[in-house]
Amino acid sequence: MHRIGNASGEESQKARFFHPCSQYLLQEVRRTERESTMSSIAAYYNGKTVLITGATGFMGKVLMEKLLRSSPDVEAVYILVRPKAGQSMQERVANMVKSKVFDRVREDCPNFQEKIKPINAELTQPNLAISAKDSQELLSQINVVFHCAATVRFDEPLKHALLLNVMGTQQLLLLARQMQKLEAFIHISTAYANCNRRNIDEVIYPPPVETKKLCDLVDWLDESIIQEITPKLIGDWPNTYTYTKALAEYLVQQEKEHFDVAIIRPSIVGASWHEPFPGWIDNFNGASGMIIAAGKGILQTLKVNNDAVADLIPVDVVINLILAAGWYTAIHRPKTMMVYNCTTGGINPFCWGEIGYHVISTFKRNPLEQAFRIPRAQTTSNHLINQYWITVSHKAPAMLYDFYLRLTGRKPRMMKIFNRLHKSMMLLEYFTCQSWEWSSENMNMLMTQLSPEDRRLFNFDVRQLHWSEYIENYCIGAKKYLLNEDMSGIPAAKQHLRKLRNIQYAFNTTLLVIIWRIFIARSQMARNIWYFVVSLCYKFLSYFRASSTLRH
Ligand SMILES: CCCCCCCCCCCCCCCCCC(=O)SCCNC(=O)CCNC(=O)[C@H](O)C(C)(C)COP(=O)(O)OP(=O)(O)OC[C@H]1O[C@@H](n2cnc3c(N)ncnc32)[C@H](O)[C@@H]1OP(=O)(O)O
Ligand SMILES: NC(=O)C1=CN([C@@H]2O[C@H](COP(=O)(O)OP(=O)(O)OC[C@H]3O[C@@H](n4cnc5c(N)ncnc54)[C@H](OP(=O)(O)O)[C@@H]3O)[C@@H](O)[C@H]2O)C=CC1
């Protein structure tokens with residue numbers, strides 16, 4: 001019997017004469033040899049057929065890119081895509097693969113697009129609006145499902161959030177039950193699904209309500225009434241997004257007896273740490289919108305608890321964990337459904353005050369173009385102080401600037417931008433003014449199951465994360481990939497900041513003089529103070545001039 005492993009030339013000569021199937025054996029030897037140097041996670045996905053929902057989204061694109069780049073022999077990657085904004089599914093996919101996020105895989109595997117098989121789908125419709133033909137293809141081919149699709153808006157009306165995040169997941173689970181070759185179903189939830197608890201373990205908590213009853217209720221109830229009673233229905237959840245994600249987790253858990261399933265709970269997903277390249281980001285969700293607003297000098301104050309843990313997690317760390325969990329679920333088939341809290345706060349904590357500092361200092365060195373004001377951030381947990389700064393640093397400059405736009409015959413727009421910013425800030429405050437404790441035993445256990453090669457290729461060890469460097473890359477990535485600003489524009493942007501600083505000085509001085517003139521005209525005491533200050537400055541200047549004359 002030949003040694004499995006490294007068949008030598010002499011042995012391969014023998015093999016040729018021993019037995020007709022020895023060629024097969026030799027190929028197997030070579031494949032095993034290749035895979036023994038490869039990572040077992042990457043090797044697992046080679047030859048597999050994968051289904052990704054939400055593939056056109058922020059995380060879905062990174063997941064697809066990493067899968068296609070690390071397992072180029074993957075059989076196929078089916079993606080559910082809906083027509084949107086007047087673009088057909090094909091047009092959307094064609095535009096999506098041109099995205100910069102695919103530059104690396106385009107270089108490694110120029111024909112990666114051939115692996116992508118788009119399927120027309122709409123997750124809020126019955127049977128996900130997938131055609132019978134497409135359904136049949138999925139049922140007969142799919143080995144692994146990654147369910148990323150969801151609405152992540154905090155202000156999503158409850159009915160739509162239920163339709164997509166709960167019913168959409170339910171429909172997909174029903175489809176998965178019929179998949180003949182399914183080996184793993186990986187559901188992407190959020191670390192904030194149970195944010196009504198301070199300590200969140202890697203378990204599924206009882207749902208706040210019986211999902212079916214709630215869905216039946218919103219099915220017939222008038223939309224305006226649902227809107228009105230939503231706060232009562234969601235109870236101590238801050239928004240419909242986290243509430244419906246919690247309901248969906250419970251549905252997924254019910255499928256444990258039908259197929260192998262796992263749940264991943266990322267916290268606040270930010271720009272990429274290393275892959276496909278540092279700082280990649282493609283939407284304004286999570287911290288990104290606020291970071292941009294701070295860089296533009298629009299966000300000057302934010303209500304945060306400076307000492308609260310900012311549980312950001314790079315998108316490539318989440319994707320590596322998702323792929324590792326898919327492999328582990330399929331290969332090891334754990335008896336209980338595994339839940340993985342994908343967070344950083346308990347392992348490598350970083351707080352909001354530090355983020356604010358690093359964001360502002362990065363944008364002072366690498367400013368955004370055409371900033372509205374000089375980037376600065378008053379981060380306070382005190383409501384009154386925050387309201388004071390909102391009035392002084394947000395509303396007053398916005399009104400002044402809109403007044404200037406009106407004077408120059410242009411349409412005022414700043415107040416509108418600030419109103420949208422204040423709406424976002426109000427919705428995000430819940431997450432920036434408190435901390436949570438997530439256990440991470442399962443994530444740590446999974447890491448111990450990885451070979452050294454797998455840990456290198458699918459790194460989700462957040463202890464290695466160097467926060468100041470990550471935040472700097474995040475800000476520069478937001479500048480490059482979100483605002484499409486070129487780094488060559490930095491000198492001009494710095495010049496613009498100097499101009500803003502001079503305008504600020506001139507404005508403050510003028511304001512001071514006007515206020516002082518008003519006081520001097522009204523109070524002898526103010527006049528005496530003023531004369532005292534002026535004579536003091538005069539004496540200091542004459543002393544300074546005298547000493548510098550003596551020195552020469
Ligand atoms: C001192 C510095 C400190 C910096 C760091 C501080 C960071 C604090 C943030 C903490 C985040 C914690 C929350 C995450 C927790 C859960 C994470 C998840 O599980 S789930 C994932 C987390 N889920 C989320 O994060 C969702 C949260 N977001 C929402 O729910 C909604 O955006 C909204 C309700 C807040 C505002 O809704 P609405 O008013 O309707 O406004 P739209 O959104 O519809 O945007 C309209 C358009 O404007 C565009 N645009 C947006 N921002 C900016 C910007 N800054 N600039 C330029 N443009 C911007 C936007 O692209 C859109 O363009 P288009 O597409 O029309 O072309
Ligand atoms: N970003 C974050 O900070 C975090 C995200 N998560 C979870 O990760 C997952 C992905 O999030 P993220 O990539 O940021 O979200 P995005 O908003 O970027 O992507 C959402 C995806 O869902 C798809 N989708 C939305 N509605 C429908 C629908 N009706 N039918 C079919 N597809 C639909 C979108 O498709 P289309 O392009 O057509 O709109 C898109 O591909 C979500 O489940 C989210 O809960 C968890 C924690 C943090």
Side-chain angles (χ1 to χ4, degrees), residues 52-63 79-85 87 89 92 96 120-125 128-129 146-156 160 163-165 168-169 172 187-193 195 238-242 244-245 248 264-270 281-296 298-304 310-313 315 318 322 342-343 352-360 363 375-379 417 419-432 471 474-475 478 482-483:
I52 301 176
T53 73
T56 53
F58 166 47
M59 288 172 53
K61 282 199 279 279
V62 181
L63 172 60
I79 58 174
L80 301 190
V81 181
R82 58 177 175 166
K84 187 177 178 184
Q87 284 192 329
M89 172 186 77
R92 291 195 68 199
M96 177 181 71
N120 225 319
E122 171 46 77
L123 269 75
T124 56
Q125 298 303 314
L128 311 179
F146 294 108
H147 180 33
C148 299
T151 173
V152 299
R153 292 184 65 94
F154 294 155
D155 64 342
E156 194 69 68
H160 187 255
L163 258 181
L164 178 54
N165 295 353
T169 300
L172 186 68
H187 174 74
I188 314 306
S189 181
T190 170
Y192 296 92
C195 58
N239 53 51
T240 56
Y241 164 68
T242 50
T244 52
K245 292 297 277 190
I264 313 286
R265 289 175 177 161
S267 50
I268 305 166
V269 182
I281 183 83
D282 93 325
N283 70 22
F284 293 97
N285 284 341
S288 309
M290 290 296 152
I291 286 174
I292 290 288
K296 286 283 185 184
I298 293 172
L299 176 76
Q300 299 267 323
T301 180
L302 186 65
K303 193 173 170 205
V304 303
D311 208 297
L312 267 66
I313 187 134
V315 61
V318 182
I322 287 172
C342 185
T343 62
W352 288 114
E354 292 170 290
I355 287 197
Y357 167 77
H358 286 293
V359 166
I360 298 304
F363 281 127
R376 82 168 56 87
Q378 303 285 354
T379 50
I417 291 175
N419 289 338
R420 170 180 279 159
L421 174 70
H422 293 150
K423 172 184 169 188
S424 300
M425 286 163 59
M426 189 191 53
L427 289 163
L428 298 178
E429 269 170 24
Y430 177 88
F431 300 98
T432 56
I471 295 294
Y474 193 158
C475 294
L482 267 185
L483 300 180

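All values below were derived from every heavy atom in this structure, side-chain atoms included, with hydrogens, water molecules and symmetry-related copies excluded. Each ligand, and each atom within it, is numbered from 1 in the order the structure gives.
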Do M425 and L421 pass the side chain to side chain contact (heavy atoms under 4.5 Å, CB included) test, and can you show the C-alpha distance, the side-chain angles, and the key distance before you say yes or no?
-> CA-CA 6 Å; M425 286 163 59; L421 174 70; 3.7 Å; yes
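With a 4.0 Å heavy-atom cut-off, ligand 2 is reached by no atom of V81. Here N283 has side-chain heavy atoms under 4.0 Å from ligand 2, and that is the only part of it that gets that close. Only the side chain of K84 comes within contact range of ligand 2, with a heavy atom under 4.0 Å; no backbone atom does. Residue contacts with ligand 2 for K245 involve side-chain atoms from C-beta outward but no N, CA, C or O (heavy atoms, distance under 4.0 Å).
Closest of all the heavy-atom pairs between N120 and M89 is N-SD, 3.3 Å. When all heavy atoms are compared, the tightest approach of L123 to A149 is CD2-CB, 3.7 Å. When all heavy atoms are compared, the tightest approach of Y241 to T151 is CD1-O, 3.2 Å. In terms of heavy-atom proximity, M96 sits nearest to I79 at CE-CD1, 3.9 Å. Looking at every heavy atom in both residues, P375 comes nearest to F363 through CG-CB, 4.2 Å.
Residues R82 and R92 form a side-chain contact, since some pair of their non-hydrogen atoms from C-beta on lies under 4.5 Å apart. Within the 4.5 Å cutoff, the side chain of L427 has no heavy atoms near those of the N239 side chain. Looking only at side-chain heavy atoms (C-beta outward), I313 and T343 stay at 4.5 Å or farther from each other. Side-chain contact between I268 and Y192 is present, with at least one heavy-atom pair separated by less than 4.5 Å.
In terms of N/O distances under 3.5 Å, ligand 2 is not approached by T190. Taking distance alone, with nitrogen or oxygen atoms compared against 3.5 Å, G57 approaches ligand 2 more closely than that limit. Annotation: R92 places an N or O atom under 3.5 Å from an N or O atom of ligand 2; distance criterion only. Considering backbone and side-chain N/O of I268, none are found under 3.5 Å from N/O of ligand 2. Considering both main-chain and side-chain atoms, F58 comes within under 3.5 Å of ligand 2 through a nitrogen or oxygen pair. Among the atoms of R82, some N or O lies under 3.5 angstrom from an N or O of ligand 2. Any N or O atom pair closer than 3.5 Å counts here, and G54 shares at least one such pair with ligand 2.
Taking atom 28 (C) of ligand 2 as the reference point, the nearest protein heavy-atom neighbour is E122 OE2, 3.4 Å. Regarding atom 4 (C) of ligand 2, its nearest protein heavy-atom neighbour is V269 CG2, 3.6 Å. Closest to atom 42 (C) of ligand 2 among all protein heavy atoms lies C148 O, 3.1 Å. Looking only at heavy atoms of the protein, atom 26 (N) of ligand 2 is closest to L164 CD2, 3.1 Å. At the top of the distance list for atom 34 (C) of ligand 2, counting protein heavy atoms only, stands T56 OG1, 4.0 Å. Protein heavy atom closest to atom 31 (C) of ligand 2, with residue, atom name and distance, is L123 CD1, 3.3 Å. Considering only non-hydrogen protein atoms, atom 17 (O) of ligand 2 sits nearest to V152 CG2, 3.8 Å.
Using a 4.0 Å heavy-atom cutoff, S267 is listed among the residues neighbouring ligand 2. The closest approach between T151 and ligand 2 stays at or above 4.0 Å for every heavy atom of the residue. The shortest separation from a heavy atom of S189 to ligand 2 is under 4.0 Å, placing the residue in contact. Between Y241 and ligand 2 there is a heavy-atom distance shorter than 4.0 Å.
If you number the atoms of ligand 2 from 1 as listed, the ones under 4.0 Å from a heavy atom of I188 come out as 7 (C), 8 (O), 43 (O). Each of the following atoms of ligand 2 lies closer than 4.0 Å to a heavy atom of A150: 20 (C), 22 (O), 25 (C), 42 (C), 43 (O).
Comparing heavy-atom distances from atom 13 (O) of ligand 2 across R265, M59, K61 singles out M59 as nearest. The nearest non-hydrogen atom to atom 22 (O) of ligand 2, considering only A149, G168, G60, comes from A149.
Considering NZ of K303 and OG1 of T379, their distance stands at 13.0 Å, rounded to 0.5 Å. One finds the CG atom of L163 at 11.5 Å from the OG1 atom of T169 (value rounded to the nearest 0.5 Å). Considering CD1 of I264 and OG of S189, their distance stands at 10.0 Å, rounded to 0.5 Å. Here CD1 of I360 is found 10.0 Å from CD of Q378. Values are rounded to the nearest 0.5 Å.
The side-chain hydrogen bond (donor to acceptor under 3.5 Å, both in side chains) test applied to E429 returns no partner, not counting sequence neighbours. In terms of the side-chain contact (heavy atoms from CB on, under 4.5 Å) criterion, residue partners of S288 (sequence neighbours excluded) are, by chain and number, I281, Y474, L482. By the side-chain hydrogen bond (donor to acceptor under 3.5 Å, both in side chains) test, K245 is found to be paired with no residue, residues two or more places apart in sequence or in another chain being considered.
Counting non-hydrogen atoms of other residues, nucleotides and ligands closer than 6.0 Å to OH of Y430 gives a total above 12.
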Check: every ligand 1 N/O to protein N/O pair under 3.5 Å:
from, atom 1, to, atom 2, distance (Å)
ligand 1, 19 (O), T190, OG1, 2.7
ligand 1, 19 (O), Y241, OH, 2.9
ligand 1, 23 (N), V152, O, 3.2
ligand 1, 25 (O), G286, N, 2.6
ligand 1, 30 (O), F154, N, 2.8
ligand 1, 37 (O), R153, NH2, 3.0
ligand 1, 40 (O), R153, NH2, 2.8
ligand 1, 44 (O), R153, NH1, 2.9
ligand 1, 55 (N), G289, O, 2.8

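You'll find the ring centres of F154 and F431 inside the 6.0 Å limit.
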